[in-house]
Each structure stands twice: as C-alpha cells, then as structure tokens.
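I have placed the structure first, in the form of structure tokens, so that the comments after it can refer back to it.
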Amino acid sequence: MASFSDRYLRLSQLFSLPFHSQSSSSPFSQKWKKKKKNSNNYNNYSNKRVRKLVREIRAMPSSSLTKQNEVVLRSFKLNESTFLASLMPKKEIGADRFIEANPEFDGRGALIAIFDTGVDPAAAGLQVTTDGKPKILDVIDCTGSGDIDTSKVVKADTDGYITGASGTSLAVNPSWKNPTGEWHIGCKLVYELFTANLTSRLKKERRKKWDEKNQEAIAKAVQHLDEFDQKHKKLDDINLKASRGDLQSRVDYLRKQADTYDDKGPVIDAVVWNDGDVWRAALDTQSLEDDSDLGKLADFVPLTNYRIERKYGIFSQLDACSFVTNVYDNGNVLSIVTDSSPHGTHVAGIASAFHPEEPLLNGIAPGAQLISCKIGDSRLGSMETGTGLTRALIAAVEHKCDLINMSYGEPASLPDYGRFVDLVNEVVNKHRLIFISSAGNSGPALTTVGAPGGTTSSIIGIGAYVSPAMAAGAHCVVEPPSEGLEYTWSSRGPTADGDLGVSVSAPGGAVAPVPTWTLQRRMLMNGTSMASPSACGGVALLISGMKADGIPVSPYSVREALENTTAAVGSLPEDKLSTGQGLMQVDRAYEYIQNSRNCPSVWYKLTINQAGKTAPTSRGIYLRDLGTCQQTTEWTIQVEPKFHEGANNLDQLVPFEECIQLHSENIVVKAPDYLLLTHNGRSFNIVVDPTGLSDGLHYYELYGIDCKAPWRGPLFRVPITITKPIVLKDQSPQITFSEMSFVPGHIERRFVQVPLGATWVEATMRTSAFDTARRFFVDTVQICPLKRPIKWESVVTFSSPSDRNFAFPVEGGRTIELAVAQFWSSGIGSQGSTIVDFEIVFHGINTNKEAVVLDGSEAPVRIDAKALLSSEKLAPVAILNKIRVPYVPVESKLCALPADRDKLPSGKQILALTLTYKFKLEDGAKVKPNFPLLNNRVYDTKFESQFYMISDSNKRVHTMGDVYPKSTKLPKGEYNLQLYLRHDNVQYLEKMKQLVMFTERNLEEKDFIRLSFFSQPDGPVMGNGSFKSSVLIPGALEAFYVAPPTKDKLPKNCPAGSVLLGRISYGKLSHGLKNSENPVKNTVSYLVPPNKVRDAKIKFLSRLKQGTEEERSEWRELCASLKSEYPKYTPLLVKILDCLVSQTGEEDRIHYNKEVIDAANEVVDSIDKEALAKYFSLRSDPEDEEGEKTRKTMEGTRDSYVDALYKKGLALMDIDCSKGKKPPLGDAFVIIDDSNKKDRESGTDPCDPDLFEKNFKELERWVDMKSSKYGLLLVERERRRGRLGTSLKVLVDMIQDDGEPPKRKLYDLKLSLLNEIGWSHLVSYEKRWMHVRFPSSLPLF
C-alpha cells in the first residue's frame, strides 16, 4: 500500500551525514580482468570450468562465496574511504570489481524507469551521467495528483491582463508567443503538491510572519481599549457598556486567531498556452513570496513538457521544492509534478547517482539514465494507485526502457494474479523490459513476501542483505556481525502457491540523494526498497555491457544469469526462502551472460498440480498442514519453454530441443532422471514423501540441467517447501519451547498444528541470561486458501529479563508458524546469548454462528457454544457501534480517456466510469465508504483502478481514497461521493453502473448499543432469564440467546434498511491477560426495520420537489391532507416549516414570507407552552426509564418550539432589513418586499416592529440569544450600531458551532466585517480559506 521502506520497516533508521569530497578508491575493490569472448558455440567451454560448476550445482543450485571474497567481507578495518564506500554498498554485489574491469560498462546505454514517489531532478548526483548525457529523460506524475483543470480559456484585455482562476488579475508577459491569444487558466492550493513534512516546515515559517502582523493588530486594539477606558471611567450608560464590549471583542478575536490559525497554504495560478510549436505553462507564485515583486506570472520562465527541454522550476526559496510541468489533452490539463516522499529520489540515487567529485558515493550504475514515473499519489500520502501503475507501464514502454525498478508492494490473497500482473507480463514478455521489485519488509516469518515483487513470476523479487561493512559504516553498530546476513525484517518466501518468492538478494541500506526540499543532500534509508534499486543498478551494468558487446537483452537470460551466479548467504537449503538464490554478483553474472550469448532466451514456465487434480495449480510444492505432511503425494509438473512474443517459428521455436537432467533429493523427492524438452513443453510426475522427516522446516529443489551445457546451471527449479508441524500430545492444548538460544539476527521457527476447536492463543515469552536490552520480532502466520496470510506480529524490547504476555486469534486445524527473531543489530557488542522460553496455550469457544444476524424482528438469535480443548469461561459481549447504509448511484458517466497518457501498449484505449452517490448526515460523524467488490485489493484484482472523493454542497472535497477507504469526520450536511473506475473493457464497466456503495458511520460511544443475553427465548420480552456467564466443560454444549436492541435504544438518523454493525466475543482471557479483550471477535448485525406509517409519510413529504407551480400545488395539498389526518401533530408541522424555509421564494416573496410566518405560528400554537415551562422547571430522575422517555419527548418539543420562533424571527427581521434598506445576510434570511398589505390571516401585521420584539423576547425565555446558534439575529443589529467587534464575535461563534458545510454568504459577511475594521492580514488569511471552503469546481481524478 506504500513503499516498502516507508510502510512497514519497524526499525529503519533515517538520518543525514556530512560528506567530504573523496577521490581515492575503496581498498575493497579487486581487479577483475575481463574474460575473452567465447566461441559462438556455447557448448565449447572449458572442461575444467564445467566440472567445477557441476560440482557446485550438485552441492547446491547456487554458487557460494569464494574464500578470497569471504575474507574481504569479514576482515576489514574502517577508514574514511572504506566508511564512505559502506554508505553506498557496491563491493557486496561485485559492482565495483565489474566497473573497475570495464569502466565503460557503468550503465551507459541502459534506461531505467523508477516506479516510485517521484524523482527530484535537482537532487545531488541526478543531473548527468558519466558520459555527460542528461541523467533524467522524463519526469511524469502517473497518479494525476498534481493535475490542474485548465480547460477554461480566456483572452487578455487591452492592457495585457487576464483574470486567473483564483480571481487574481495577472499580467501576461508580452514576449510570450501565443498565436491564438487563448490562455488556459487553472489554480491549485500549493500544499496539495507538497509532502506532509514540507508542508509542516512551511507552516512553521509562515506562522512566524503571520504572528508578527497579528501582534501588531492586537497592540492597536489594546491601545484603543485603553484609550476608551481612560476616557470613560464609569460605564453608567448601556450604550457605553456595549461600546466597550465591542472593543474587548476585537481584542479577544485577535487573540483567539492566534490559537485557531490554520494555514491552508497559498493558491497558485497556472496559465497554459500553445506557442505554435509546443504547449507551455507558467505559474504565478506571488502568494508564496514575502516580496510582492517576486513570483509574478510575467517573470516566470515558461516550461514545457519535461521530456522536450528537460527543465524544472522551484516554487520559492523558502520551500526549495523543484517541480516539472507536463501538458495533456490539448492544454486542458496541466500536470505539476512534485514528489510525494524522499523515497523515490533515494531509490533513483542508489540505482544510478553520479558524483564526479565523490565517486565512492556513486550509485551502482552511474552511467545509466532514468525516467521518473510517480506512482505514489500525493493525495493519499504516497499510496500507489491502479491509475499510477498502469500509466507508469505505458510510459516505460513508450520510452523504450530497459529496466523497471519498483520499491512498492503489499500482501495479496492470490499470487501471480491481477490486472497489473497481466500488464506486467505483457511488458516483460513482449517488450522485453526487465522488471525488478522489492520483496517486502514483513519478515521474519515465512510466506510474507509482498505483491508484486515477491509473488509475480515475471518480476525479479529482491530480498535485503546487510554486510559487516554496512553494519559498521552505515548503521554505526558497535561491533559488526562476523558475516553478512539478511535483515530481520526482510520478507521471506515461499508464496502461498509454493514459488520461492525471493529471487536474489542485494544490499538493503544506503545513504543516497534526497530531494532539495529536505534541505540536505543525502540520508540513510534501509529496506527491501533499497535492495531493489541496488539489484536494478547491478542489472543496468549487465545491460550496459550486453549492448556494448552486441548481446541481445532479454529478461529471461538476465534472470537466469543472476540466479545461477549468486553468492550463498547461509549454509542451509532453507536459507533460500530468505535470500533467494543468494547475493547477486554482477561480475559473475556478466561472465555467465557472455558465455551463454548464443543460448535461447527462454522462460521455463512451471505449472504444478497434485496428480489426479486439475485445480488448484501452483508454481511450487508447499506442504504445510498436517494432512499433507503425513502421506506421500504425487505431483504433475508441466514445463513450458516460453519465448518472447514475436519469436520466429522456424528459426527459434521449431529447432528448440533440450535434453534435461533432473536433480533432486532422492529420499524425499523422487523424479525421473532425464527429460526431453521441446517448444511445446513436457510434463512429468514426481513423488514427494515427507513421512520420514522430523518436525520443522525442510526445503528442497528439483532442478533441471542442460546435459549439453551443464555449466549453465539450473534452467528451472521446482521449490519444495515442507513445514512439518508438531502435533500436541494427549490432546493437551499447551506447548512450551524451552531454552531457545538467540544471538543477533538469529531466528527460531516452530510449526504447530493448531488443534481443532482452537480460536485463540494466550502466549508467554520469558527471557533470561542477557545484560543489555534485547529487541525481538515475534510473528505468527497461518495460510488459508484465497486469503491473505493471517499474520500477527509484535516487536518486543526487553530491557531486563522478564515476561511478556500475548493473545492472538488462530484457525483450528491449520499449521501455525511461530517465528521469534532477535533483531540483527540488537545486542551486538554484548557477550553471551539470550535464552527464551515461549509457552503457547490454545483456547477456543466454538459456536454455531460465524456471524450473528438480527433480522429486525423482536426474536432473539440462539447461540450454541462449546469448548473442545479445555474448560473456558463463557462471557459473551456484543456491542453495536456502527451504522451501515446502502446506496446506489444516482448518476453514471462513461467516457474514453485522452490518448496521450491513457492508451495501453497494446493499442487499447482506457475508459473511465464515474459513479455519483448522494448521502446526507443529520449530525456530524465519522464516515467510511465501502465497495465490497473492490476494496482491499491493489494487485490481486482484475479491475484496473478505483478512486473516490467526497465533496459537500460547496464542492469542497473533504476526503479522497482508493482501495483502502478511511473514516473521515464530516459535519452534518449533504454530500456527493464520486467513484472513478478505469478499464479498457467497456463490458466490465457497464456491469458496474449499479455498483452498491455502503457508508459506515461510527456511533459516538454514548450511543453504543450493548446487546443483552438471555437463557430463555422469551427473555427479551418477559425481562427474565438474563444470561451473564458460565463455565464451558469440554465437549458439553451450552445455548443462550442474543436479543435485538429495543427500538428506543436505536440511534437517531438510522434509516430503515440500514444495518447496525458491531462485534461479538464469547470467551474471557486468563492469566496475565485478564483485563484484555478477547482477540477473537465475530460480526454481529441488526437490520433496522421499517418506520411507522405516519413517520414514513412525513419523510416522504420532505422528498417531494417544489420546482414548478404544479409541484408546489401538489405539495400544499399533501400538507393540508396530512394536517387534517394528524391535527396539531408537531413533527408534521415542523417538517412543513422546514420544507418552506428550504425554498427560495424568489417568485412571490410576500406570499412566500406569509407562508413561512404562518407555518411557524402553527408549530408554536401546536405546543402547550405552559406544560413545557412547568416540566423544565422541575428536575427529572435520570434512573427512571419512563421519566427518561418523557424527558426526550419534552426536549424534542422544546427544540421544535424554539426553532419555530427562531425562523419566525428571521423572517420578521428581513422585513425590518428591507425597510432599513440593508441587504439580507445569508441563505437563512427571507425577504419580503415593502408593501401596504397589513391584514394577515393570522390577524397580525408582520411589519409591526413590536411583533418582532415580542417574538424575540419569547425566544429569549428559552435560549441564550448570545449563543452562536441564534446569533444571526444579533449580527446585523450590532453591525448597524457600529459595534463591529461584537457583530464579528457573534458571527464567528455561529459559524464555528454550525456543524454544517459552510454558507458562502456568512463568510462573505465575515470578510466584509474584517475589511470594515481594517485587519488586512486577516482578510488575506480568510481569502485563502475561501478557495478551500468554496472551490469553483471539483478537482480532476
């Protein structure tokens, strides 16, 4: 869901170091003499070399470190040069030796696409290559997060000015060539282009300057107040008191601004035009500058698409943030490209940075060129999106890239599956791009590799390795490890379908360039995110040599060379699950490539299924659960040689024939000895017999060797992973792993068959025999079909020997892995090992209901519970804490996207479907949208992309999201949710036009519904037989009932058809976890039944349209009918009043106001005011349930009464405003034209000022007129009397407490008051906020 080094690197270090220019070479470098080119016949190879390689292959299908290299890696002493060299590791993968032997094979000619958060073209080392060529050829925002709608076209006036999209008058530079005279305009809040860290820094800087201006205004306001106090010693007159209160309000307001200041950032205007040759763009950034002469549009040096002129801009000296521009769709879209994190620049620097004055800090391939494809969406932090991924692939093919590096990924439920995987396969197989990606940072448990890097066959997945030199230099550890090892957090294989997962490993940490806005040149990051570009840079070196030597570049042959020339990390076969085939070695790989240049470029696709079964198929054999480990199984393996698309039938496919010798572990894996393989493939059967194996992890490989060229090593490998679990004896639910000994980096794995009936574990970890603090990773993993691995994890630090208790859920009948690892650098330099005892106790309460569904009736649901393992305390707890409401789209739009960035390499045009949903919140709440078909899948889905935004009635976007929707606090009001879906198949999109969306709203804690339990079916009605808890005896069944909530407990604004959601748990934890919640929680839901008929009719009334006279007539008839049917029913009269006020009344305001006042009077007359006053003069007993119901009813009646008086007062005040020739103040005011009509049906004159005062005084009996809720009646009063401070105070309080989407006219009034007072710095601040609250249009997707 984000970059691997950003997302789950639990102990990554991040800091910068000062550097000095060094020209001396590293003493680690060794001379590597270039071998002579081999004969065209690839079989003519040294017999001595063949025998040596065959011996190595038979011992283990990957090579190991030579003694010479091993000594170099272990025996070293840091000096300045070796320290600097350790910050950008090259020696570990042989890159330094390779370049020393081949100076011109330093990446020249190789083009790498960096799929990441964006690369800063101004960053250190990313300007030119070693041969003087531009380093970065293109910079693209594939996500659309920097897009600006520039479809509005204007022309300059006679003075050469245009009005920008922000409303600012902009002078156009007369020297700019624009044959048509048409200027495309748009604007954007600049903080939307910046990272959170940069925004935070700018806010602090801008706050200092704003505070200075505000302090000046406070000083003047205080001075005016002091002068008033000096002049008026006594305040006998009420007007003097009010005047002083006004001055005090001004002081208070200014002081309060200092506490509530929230800088939403400047707005920048963008102008786009065509100069006759190319599209150009210019920005007005005056709002970013302190000096008004800086940042003017006319002074901007116009930019065009980066790939044309390779120029970039800087917003301002303060932010130091570089950006590039790209214009799309004939000038209608301007993309401003900035990075969403330093991650992408860091990755690019590892792969190919070039520092001519600091060669030790060069990237792996300093001669390589780059294109930056930003896939990390700035609107989502830096989360990748389907749109970004697809556009990045399009760009990589369009630019004819050789390599792709992607240091992103996340878990997936299905390996090697999904829309993105399909597109990657096409790019690799047809266009021959080599795709390299990080394996993930979710280790140390097995089966934690992430998608796509660790789960996709066409991608080379990279694990993260740390050498002693890296530990001593980059990580500054006290005492480095004696040998290199995989980082503790590096993800491990195999995949769920048995593939190895990790292909090879590379150094997983480096000090590399970062963007200029960080105000530093370099920083240290570590993760598989860093290992991937290290490997990618190494492959760029290979490509550089291959192109120079005329060797065709193929991802198939490069991968074969990488995997067959590695240096082994670890001595056990199962170490491959962590490291892949081992640590890549560039020099060896190139030697391999040279000698196999005439070998066919083939990918050997493996399809494996258990004999006699057609499904499921897999890419390896993974025996994990008890049943599969207790019997011998037969497997069918289909080997299909796959050539690149376009391979010649006669020259390549027909002649292909290889005699393959199969190698396996004969005791456990039995296979044929030989296989004749042709282009059409061949299948064969093998037998796997794990029955004689001990408990624990076992790894084997069946691999095929070309009989005619055994020096090539394995052409294909079948990974066979067996995790034989421990079976608990005597049905005991407890097991203890005693005296496990740990040193830094050590991992202990235990595999246990979870007993049937177990649903959770309570575990205790005890440590002893150590001095300094120790840090451990504790992970558990279970594998279930078509689900992401069930993973529980904890990072625990022990400052001294002690115990820790854990509880986590499990699934009975499946193997669970317990992985305990001492962090690789924890305890380094300390003597002795750490002893750990780990006790696991299985618990379980099984029920007949996985999910409890209450159907809306009064009937309870019966739950049958039993414990199978041991006695358990049954103590059910069920809480409903969310409301889920379904919606269908009110509108759908399908369109074809512009071809300039949304046309697939296959030529297919991508289409977009936009679905619009409407929902309303009666109160502010946290809301999360859900699309069950689409959510929680990025890579393992066949849908290309999804993105949503929620906007209010002012078009302000409150939140955006994609596959992982988040809860967002929304004020009450009406909202639109737009869902944006992309695919090239129109039929798929057509099927989505009625896609159901759910909103999940969190209830406030006071509104949580705790469900009751009973031992009898009639308990909920009769009120007897309450069930609290009991003790379950193993094997015995116990039943109880869970009751639906009573109707009076239902939260308000809970429509019929919605669902109340929550969680139900059954068991109570024991020993050290008594106060903790049970980790096993099932879903409980309640379907809200239909409303009462009367309430439904009233609700229907509010939905009727009143746009035409005929519709208004029908509405009035329905109102009259309902009033006749339910006379003096206050809720009905309130609804009628609300409906009237919501109308504009533009056609006949006099009649309209008559209706409003009459409707308010009807509400007032329907209420017994004396009874209301009498009730609220008495105190009620909060423990009296009937009394509580009465209280709620009376409070609702009072609120209706007060609201009617308030609305009546607004209407009456509008009449006074019209007489006083003052304009109305907002949407809530209703205007009555001045007329002589006095006789009203109600018998009163609405123009009588006494009537307003009478209404005002009656309202004042019930509410505080100074409160913000009713303050609108005071605002204009105070303003007319010249008390602008008091008027502003009331207005601001009303706005802040409104809780609804803001009303434009109220903020216009606020600006007007600030202008009248003369606070220019606050006027500027509020104007910036107006762009946030009231944007002119919705942003682009």
Side-chain angles (χ1 to χ4, degrees), residues 37-45 50 109-110 396-397 400-404 416 422-435 456-460 503 539 542-543 545-565 589-607 619 637-662 674-684 703-718 905-907:
K37 291 185 180 179
N38 293 302
S39 164
N40 288 335
N41 185 348
Y42 68 86
N43 292 325
N44 293 335
Y45 196 75
V50 168
V397 173
K400 294 180 169 51
C401 293
D402 301 292
L403 281 156
I404 294 172
D416 209 29
D422 294 340
L423 295 175
V424 168
N425 290 341
E426 179 184 349
V427 166
V428 172
N429 300 332
K430 180 177 180 180
H431 300 281
R432 298 189 171 219
L433 274 75
I434 302 170
F435 201 128
T456 307
S457 293
S458 56
I459 296 177
I460 301 173
S503 176
V539 174
L542 300 179
I543 291 174
M546 293 171 76
K547 288 187 174 183
D549 286 345
I551 302 173
V553 177
S554 164
Y556 304 156
S557 57
V558 168
R559 182 170 190 157
E560 181 182 305
L562 288 177
E563 294 183 347
N564 283 326
T565 58
Y590 192 67
E591 181 182 354
Y592 184 99
I593 288 170
Q594 284 182 313
N595 291 295
S596 60
R597 63 185 302 159
N598 294 316
C599 298
S601 295
V602 173
W603 166 49
Y604 297 85
K605 181 181 178 182
L606 300 179
T607 305
R619 295 171 297 159
I637 299 174
Q638 176 74 25
V639 183
E640 296 178 80
K642 295 290 184 181
F643 287 77
H644 286 290
E645 190 172 327
N648 186 283
N649 287 343
L650 293 177
D651 295 340
Q652 294 175 276
L653 305 190
V654 173
F656 179 83
E657 187 173 277
E658 291 179 334
C659 177
I660 304 294
Q661 184 179 11
L662 298 175
Y674 290 91
L675 182 73
L676 184 63
L677 189 61
T678 64
H679 164 252
N680 290 318
R682 181 65 191 273
S683 64
F684 61 93
Y703 53 94
I705 300 292
D706 186 349
C707 297
K708 295 180 180 179
W711 54 266
R712 293 176 62 189
L715 302 184
F716 60 84
R717 295 176 172 89
V718 179
S906 63

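Any value given below was found using the heavy atoms of this structure, including those in side chains, with hydrogens, waters and symmetry copies removed.
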(request) Show your reasoning for whether side chain to side chain contact (heavy atoms under 4.5 Å, CB included) applies to Trp711 and Ser596. (result) CA-CA 10 Å; Trp711 54 266; Ser596 60; 3.8 Å; yes
Distance, nearest 0.5 Å, that separates [atom1] of [X] from [atom2] of [Y]:
| X | Y | atom1 | atom2 | value |
| --- | --- | --- | --- | --- |
| Ile543 | Ile551 | CD1 | CD1 | 12.0 Å |
| Asp706 | Gln661 | CG | CD | 10.5 Å |
| Leu675 | Cys707 | CG | SG | 9.5 Å |
| Ile434 | Ile459 | CD1 | CD1 | 13.0 Å |
| Arg619 | Ile637 | CZ | CD1 | 14.5 Å |
| Glu563 | Ser503 | CD | OG | 3.5 Å |

Between [X] and [Y], is any pair of side-chain heavy atoms under 4.5 Å apart?
| X | Y | value |
| --- | --- | --- |
| Ile460 | Val539 | no |
| Asn564 | Pro714 | yes |
| Met546 | Pro552 | no |
| Tyr592 | Arg712 | yes |
| His679 | Phe643 | yes |
| Arg682 | Leu677 | yes |
| Val639 | Leu606 | yes |
| Asp402 | Lys547 | yes |

Using every non-hydrogen atom in the two residues, find where [X] and [Y] come nearest and quote the distance to one decimal.
| X | Y | value |
| --- | --- | --- |
| Ile705 | Pro710 | CG2-CA, 3.6 Å |
| Asn649 | Pro655 | O-CD, 4.2 Å |
| Gly545 | Tyr590 | O-OH, 2.9 Å |
| Gly681 | Pro641 | CA-CD, 3.7 Å |
| Cys401 | Leu433 | O-CG, 3.3 Å |

(request) Could you tell me whether Arg597 and Asp549 have a side-chain N and a carboxylate O separated by less than 4.0 Å? (result)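 So Arg597 does not pair with Asp549 through a salt bridge.
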(message) I need the single residue from Leu650, Asn648, Val654 that forms a side chain to side chain contact (heavy atoms under 4.5 Å, CB included) with Gln652. Which is it?
(response) Asn648
(message) Using the rule side chain to side chain contact (heavy atoms under 4.5 Å, CB included), only one of Tyr674, Phe716, Tyr703, Phe684 pairs with Ile660; which is it?
(response)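 For Ile660, the side chain to side chain contact (heavy atoms under 4.5 Å, CB included) check succeeds only for Phe716.
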(message) With side chain to side chain contact (heavy atoms under 4.5 Å, CB included) as the criterion, how do Val424 and Ile404 come out once you've worked through the C-alpha distance, each side chain's angles and the decisive distance to 0.1 Å?
(response) CA-CA 10 Å; Val424 168; Ile404 294 172; over 6 Å; no
(request) Evaluate side chain to side chain contact (heavy atoms under 4.5 Å, CB included) for Asn429 paired with Lys642, printing each intermediate quantity in order. (result) CA-CA 9 Å; Asn429 300 332; Lys642 295 290 184 181; over 6 Å; no
(message) Please check this pair: side chain of His644 against backbone of Lys430, looking for a donor-acceptor N/O pair closer than 3.5 Å.
(response)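 The answer is no, because no donor-acceptor pair under 3.5 Å joins these two groups.
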(message) For Tyr556, is there any backbone N or O sitting under 3.5 Å from a side-chain donor or acceptor partner on Arg432?
(response)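 A pair under 3.5 Å: no.
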(request) Please report the C-alpha distance between Leu715 and Glu658 in whole Å, then the side-chain angles of each, then the deciding distance to 0.1 Å, and finally whether the side chain to side chain contact (heavy atoms under 4.5 Å, CB included) criterion is met. (result) CA-CA 10 Å; Leu715 302 184; Glu658 291 179 334; 3.5 Å; yes
